Amino acid sequence: MLNASSVVVLDFETTGLSPDMGDRAIEIGAVRIENGEITGRFQQLMNPGRRVSGFIEDYTGISNVMLKGAPSCAEVMYEFADFIHGYNLVAHNASFDKRFLDAELGQVSRRYSGEFACSMLVARRIYQHSPDHKLGTLVRYANIPSEGVFHRALYDSEMAAKLWLSMLDSINKQYGLNEIPFKLMQKIAKTPKHSVAKLLKLY
DNA sequence: TGCCAGGCCCTCTTTAGGGCCTT
C-alpha cells in the first residue's frame with residue numbers, strides 16, 4: 001500500500017490531550033480508502049474505565065451514560081488493529097492521534113505496520129490561503145459538502161478523508177501528478193512552505 | 001477537584017517565545 005490514495009484515515013475522541021498524563025480514548029472512527037474510493041468504515045465508542053469531564057461531554061457530545069454501556073478500550077482497540085493492518089495512516093494533526101493509537105494498542109500488545117501522514121501539515125502547504133487549518137475550516141475552504149456534527153470520531157475521520165482526497169486532486173491538477181506516493185505526501189508535510197512548489201514541479 | 005502535552009512553525013530567532021492544532 002504505497003499509494004497516497006489507499007490509506008486509513010482515523011480520528012480519536014479522548015478524555016483529554018495527553019496519554020502520558022493518563023488520558024484515554026473514548027471513541028475511534030476511521031475510513032478506509034482504496035484507490036480514492038471509500039471502501040470501509042469503523043466506529044466504536046469505548047469505556048475508558050472512569051468518568052469523563054463535563055468539558056469533554058460538551059465538546060464531543062459523548063456522555064458518561066453513553067460510555068457506561070460501551071465495550072472496553074482493550075476490546076475495541078484489539079479489533080481496530082485488524083482494521084488498520086497493512087495500511088498507511090492519515091489523521092488531522094497526526095501527532096495527537098498517533099500518541100493515543102500507540103498508547104491504546106500498547107495496552108493490548110498489538111502493533112501496526114503502516115506509517116502516519118498528517119493532513120494538517122499537508123494542508124498548511126497545499127491550502128496556504130485557508131483562513132486557518134482547523135479541520136472544519138479546511139472542509140469549507142475546499143468546498144467539501146458537510147452536513148454532520150464535527151467532534152465525533154467517524155464524522156471527523158470522514159471529513160479528513162475527503163480533505164485528503166481533495167488535496168491529492170489539487171496536487172494532481174496543479175502539477176500533473178495522478179499517482180502520488182504516500183512517501184511524497186510525508187515529504188510535503190516536512191518541506192518548508194516556500195519550497196513546496198519547487199518540490200512538486202521537480203517531482 | 002483541578003490540573004495537565006507536544007510537535008510544528010514563524011519571527012522582533014538559533015543562548016527564545018508564543019500561536020496553532022488535536023481532546
Side-chain angles (χ1 to χ4, degrees), chain A residues 7-31 42-67 70 73 76-77 80 84 89-107 115-142 144 146 148-164 166-167 185-199:
Chain A
V7 296
V8 169
V9 184
L10 62 91
D11 182 69
F12 278 104
E13 305 305 317
T14 69
T15 64
L17 292 172
S18 173
D20 289 342
M21 299 297 294
D23 286 317
R24 298 295 304 268
I26 58 173
E27 187 181 42
I28 179 70
V31 172
F42 189 103
Q43 178 180 37
Q44 188 62 61
L45 289 170
M46 54 190 123
N47 190 331
R50 57 186 171 82
R51 291 182 65 79
V52 302
S53 69
F55 172 79
I56 292 298
E57 284 189 314
D58 291 344
Y59 187 80
T60 64
I62 298 168
S63 67
N64 283 294
V65 173
M66 290 163 70
L67 293 173
C73 294
V76 172
M77 293 309 298
F80 188 63
I84 63 176
L89 305 170
V90 171
H92 201 69
N93 199 11
S95 69
F96 174 86
D97 292 280
K98 182 178 188 300
R99 282 198 299 278
F100 278 95
L101 184 67
D102 290 351
E104 294 294 350
L105 288 183
Q107 299 248 346
E115 294 185 16
F116 264 96
C118 177
S119 58
M120 183 191 75
L121 294 180
V122 173
R124 282 180 177 169
R125 291 156 175 81
I126 300 300
Y127 293 150
Q128 293 190 20
H129 301 299
S130 176
D132 62 52
H133 296 86
K134 293 181 175 75
L135 180 60
T137 305
L138 286 162
V139 163
R140 284 192 297 278
Y141 182 78
I144 295 165
S146 68
V149 180
F150 282 100
H151 304 308
R152 284 300 297 268
L154 181 61
Y155 189 72
D156 280 9
S157 66
E158 191 134 1
M159 290 298 104
K162 289 181 177 173
L163 173 66
W164 183 254
S166 168
M167 292 194 292
M185 295 300 275
Q186 289 178 311
K187 195 167 181 180
I188 290 169
K190 287 188 194 170
T191 300
K193 268 187 203 173
H194 61 272
S195 303
V196 169
K198 188 179 172 189
L199 168 75

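No experiment lies behind these values; they were computed from the predicted model shown. Every chain is numbered from 1 and lettered A, B, ... according to where its sequence line falls, protein lines coming before strand lines. Quick note: numbers below take in every heavy atom, side chains included, and nothing from hydrogens, waters or symmetry partners.
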Legend entry - A:A142: partners by side-chain contact (heavy atoms from CB on, under 4.5 Å), with sequence neighbours left out: A:Y127, A:I144, A:S166
Inset, instruction - With sequence neighbours left out, write down each residue that passes side-chain contact (heavy atoms from CB on, under 4.5 Å) with A:D20, or none if nothing qualifies. - result: A:S18
Legend entry - Rounded distance in Å between the C1' positions of B:dG19 and B:dT13: 15 Å
Inset, instruction - State whether A:H151 places a side-chain N or O below 4.0 Å from either non-bridging phosphate oxygen (OP1 or OP2) of B:dT23. - result: yes
Inset, instruction - Please check the phosphate of B:dC20 (OP1 and OP2 only) for any side-chain N or O of A:H133 closer than 4.0 Å. - result: no
Got a sec, which residues hit side chain to side chain donor-acceptor pair (under 3.5 Å) with [X], two or more places apart in sequence or on another chain?
X	answer
A:K162	none
A:S119	A:H92
A:R152	A:E27
A:H151	A:Y59

Would you tabulate the pairs of protein nitrogen or oxygen atoms and nucleotide nitrogen or oxygen atoms of nucleotides 16-19 of chain B closer than 3.5 angstrom?
none

Inset, instruction - Using a cut-off of strictly less than 4.0 Å between a heavy atom of the residue and any atom of DNA chain B, enumerate the qualifying residues of residues 19-29 of chain A by number. - result: A:D20, A:M21
Legend entry - Strand contacts (DNA chain B) in residues 48-58 of chain A, 4.0 angstrom heavy-atom criterion: A:F55, A:I56
Inset, instruction - Apply ring-ring contact (aromatic ring centres under 6.0 Å, His included) to A:F12 and list each qualifying residue two or more places apart in sequence or on a separate chain. - result: none
Could you give the side-chain donor-acceptor pairs of residues 186-197 of chain A under 3.5 Å, partners two or more places apart or in another chain?
unit_1, atom_1, unit_2, atom_2, d
A:Q186, NE2, A:E115, OE1, 3.0
A:Q186, NE2, A:F116, O, 3.0
A:T191, OG1, A:K187, O, 2.7

Inset, instruction - Output the distance between atom CE (A:M120) and atom CG (A:L135), rounded to the nearest 0.5 Å. - result: 11.0 Å
Legend entry - Partners meeting salt bridge (charged side-chain N to carboxylate O under 4.0 Å, His left out) with A:D102 (sequence neighbours left out): A:K98
